[in-house]
Structures are given as structure tokens and as C-alpha cells.
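First up is the structure itself, then whatever we jot down about it.
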Amino acid sequence: MDPEEERAQELELLQSMYPDEMTVLSPTVFTISIRLEPPTSSNGGTLKSSNQSLLVRVEYTANYPETAPVIELNLEQGVVEKDDAEDGNDGKTFEELIVLDSSDLGTLNEKARQEAEENLGFPSVFAIMSSLKDQAESILQEKQAEREREREAKIREEEEKEQAKFRGTLVNRENFFEWRRKFKAEMSLVNKDGKDEETKKRPTGREIFEKGLDGSRHSDEDDDESLQQGVKNVSIS
């Protein structure tokens, strides 16, 4: 079949398969917008969609399908309503939704090139579109899985911190002897301080003598009282 006729037939078929997603710019150039499905969570639930699409620009080469078409990829971002971003998603904002970025386009471009090379000699646009959709959604799913792993790791870390509050230090030979050494040093210091205080409170010999605490000195008042008592006890015969 003539390559031009073969291209025309494929173009017509693609228009019937992508009635809303395909835009024909010329007999040899067109674009197809591939809507990407959101990833699923580990519990099987479907996450909120980011409304992101992959825009694929296809240009037939002169000898297509004997040679590969020229493929260009871009990302299209649809409008995400606030309710869509938050409903059932714990108030997460749009930036937290799972999306493709420019670095992912390199992976997808390589996938498109490989698919085109594998289908040389046959109309390959539909195969390229299908392969790109699968690869893009696989990337989104892996990003979601990575996010869940990070979230679970953070939860485990927080749980470990909480459990650590209720765990003491495990005793081994080394830390026991270290504790005993410090304990003895502290007790020695306490005993020394106690003796110093006791010594400070104990009166000196001079203080005992001056205060008459040893019984060797009496006040004048004590002498007077003793004299008066002696007089009373004297009897006259």
C-alpha cells in the first residue's frame, strides 16, 4: 500500500477512536490528549484526580510507517476544583496531588521512541498512545506507593519516639560500673560536706569556757542565790 494512503487510513481510524481528544492540524500533523487515571491507594481506594493529561503531538515522516513518526510530549493540567482537591483527601491542597513532572517526560519520550522502533513497517500511533498511557499511569502509581512508604516510615518513627519515653537504659557491665563510680563519687562528696557542716556547728574550747558550758564558771547571780540559801539553813542554838 502507498505510504500516503496508509497514513490517511490510520488518520481516519484515529479520529474515530479519539473523537474528542484528537485535533488534526494537517494531513501529517495532529495531537492527541491522553487523560490519565489517578493512582490507587494501598487499601484499594482511588485517589482524587489531578485532571492531568498527556498531550502527544504526532508528525508523520515522508516514509511513515517505514520510518518512525516524530513524537513530542507535553503535560496538560486541567482545573482542579477546591472541593475535588479536599473532599476525602484530608484537606490536602493541589500541590500534594500525585502528578507527572518534566523529569517524567524524559522517561515517556524514551518509551515512545522504543515503541515506534518496534513497530516499524506498521501503523504504530495507536500502539504508541496505549504504551504512553500505561507508562504514565505506572509512574503515577509508583509515586503514590513511594508517598505511602514515606508516610508509614514517619509514623513508625513517631511511634518509636513515643515508646522510647517509657524505656530505660538497658544495663550492661560497662554502664553499671560507670554508674557505680559516679554514685560513689557523689556519696563521698555528700559525706564530706556533712562532716564539714558538723564541724562548723561544734563550739570551740574557748567558746565553751566563755559560755560556762563546762561548769567551771558561774554567774554572780548564781553565787548570790547560793549564799542566801546557805543563810536560811543556818540555825542559832
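Quick caveat: nothing in here was measured; it's all calculated off a predicted structure. The basis for the numbers below is simple: all heavy atoms, side chains too, and nothing from hydrogens, waters or symmetry mates.
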Looking only at atom types and distance, does a side-chain atom of Glu115 sit under 3.5 Å from a main-chain N or O of Ser131, one as donor and one as acceptor? no

Can you tell me if CD on Glu158 sees more than 12 non-hydrogen neighbours from other groups inside 6.0 Å? yes

Is Met17 reachable from Leu55 through a run of I, L, V, M, F, W or Y residues, each pair having side-chain heavy atoms under 4.5 Å apart? no

Is Val58 close to Val29 at the side-chain level, that is, under 4.5 Å between some pair of heavy atoms? no

Donor-acceptor pair, side chain of Asn119 and main chain of Ala116, under 3.5 angstrom: no

How many angstroms lie between atom OG1 of Thr28 and atom CD of Glu59, to the nearest 0.5 angstrom? 5.5 Å

Just to verify, which of Lys143, Glu150, Glu148 counts as forming a side-chain contact (heavy atoms from CB on, under 4.5 Å) with Glu146? Glu150

Please state whether the rings of Tyr18 and Phe126 are parallel, tilted or perpendicular, taking 30° and 60° as the class boundaries. tilted

Hey, does Gln135 have a side-chain heavy atom less than 4.5 Å from the side chain of Thr107? yes

What I'd like to find out is whether the side chain of Ile71 reaches to under 4.5 Å of the side chain of Arg57, using heavy atoms alone. no

Using side-chain contact (heavy atoms from CB on, under 4.5 Å), reason through Thr40 and Gln141 one step at a time and then give a plain yes or no. CA-CA 7 Å; Thr40 57; Gln141 189 61 54; 3.4 Å; yes

Please assess Gln114 against Glu110 for the test side chain to side chain donor-acceptor pair (under 3.5 Å), listing each intermediate value before the final yes or no. CA-CA 6 Å; Gln114 291 177 357; Glu110 179 61 20; 3.3 Å; yes

Hydrophobic cluster membership, Ile128 vs Val70, 4.5 Å side-chain cutoff: no

Once you round to the nearest 0.5 Å, how far does CD of Glu152 lie from CZ of Arg147? 13.5 Å

Please confirm whether the backbone N or O of Arg35 pairs with a side-chain atom of Lys133, one donor and one acceptor, at under 3.5 Å? yes

Glu159/Arg156 ion pair, N-O < 4.0 Å: no

Using the rule that Ile, Leu, Val, Met, Phe, Trp and Tyr join whenever any side-chain heavy atoms are under 4.5 Å apart, tell me whether Tyr60 and Phe122 fall into a single cluster. no

Side chains of Asp20 and Ser33: does their closest heavy-atom pair fall under 4.5 Å? no

Tell me whether Glu178 at atom CD has more than 12 heavy atoms from other residues, nucleotides or ligands lying less than 6.0 Å away. yes

So, taking the atom named CG in Leu108 and the one named OG in Ser103, what distance separates them when rounded to the nearest 0.5 Å? 9.5 Å

Atom pair NZ/CD1 of Lys111 and Ile139 - distance to nearest 0.5 Å: 10.0 Å

Between Met129 and Ile34, is any pair of side-chain heavy atoms under 4.5 Å apart? yes

Please examine the side chains of Pro65 and Glu6, heavy atoms only from C-beta on, and report whether any two atoms are closer than 4.5 Å. yes

Return yes when atom CZ of Phe183 has more than 12 non-hydrogen atoms of other residues, nucleotides or ligands closer than 6.0 Å, and no otherwise. no

Evaluate the side-chain contact (heavy atoms from CB on, under 4.5 Å) criterion for residues Leu132 and Val56: first the C-alpha distance (whole Å), next the side-chain angles of each, then the deciding distance (0.1 Å), finally the verdict. CA-CA 9 Å; Leu132 285 174; Val56 185; 3.9 Å; yes

Go through the steps to decide whether Glu66 and Leu120 satisfy the test side-chain contact (heavy atoms from CB on, under 4.5 Å), and finish with yes or no. CA-CA 5 Å; Glu66 298 302 322; Leu120 287 178; over 6 Å; no

Given 3.5 Å as the limit, does a donor-acceptor pair link the side chain of Asp104 with the main chain of Asp101, or not? yes

Test side-chain contact (heavy atoms from CB on, under 4.5 Å) applied to Phe30 and Thr23, step by step: CA-CA 6 Å; Phe30 55 90; Thr23 301; over 6 Å; no

Within the structure provided, determine whether Pro69 and Tyr64 are in side-chain contact (heavy-atom separation under 4.5 Å). yes

Nearest heavy-atom pair of Leu75 and Leu100: which atoms, and what distance? CD1-O, 3.6 Å

Donor-acceptor contact present, side-chain Gln52 to main-chain Leu36, <3.5 Å: no

Minimum side-chain heavy-atom gap Gln15-Val24 below 4.5 Å: yes

For Leu13, does its backbone N or O pair with a side-chain atom of Ser16 as donor and acceptor, under 3.5 Å? yes

Rounded to the nearest 0.5 Å, the CZ atom of Arg149 sits from the CD atom of Gln144 at a distance of 10.0 Å

Do any N or O atoms from the side chain of Glu21 and from the backbone of Ile32 form a donor-acceptor pair under 3.5 angstrom? no

Interatomic spacing from OG1 in Thr61 to CZ in Arg7 - rounded to 0.5 Å: 7.0 Å

Minimal non-hydrogen separation, Ala68 against Glu117, with atom names: CB-OE2, 4.5 Å

Using the rule that Ile, Leu, Val, Met, Phe, Trp and Tyr join whenever any side-chain heavy atoms are under 4.5 Å apart, tell me whether Val125 and Leu25 fall into a single cluster. no

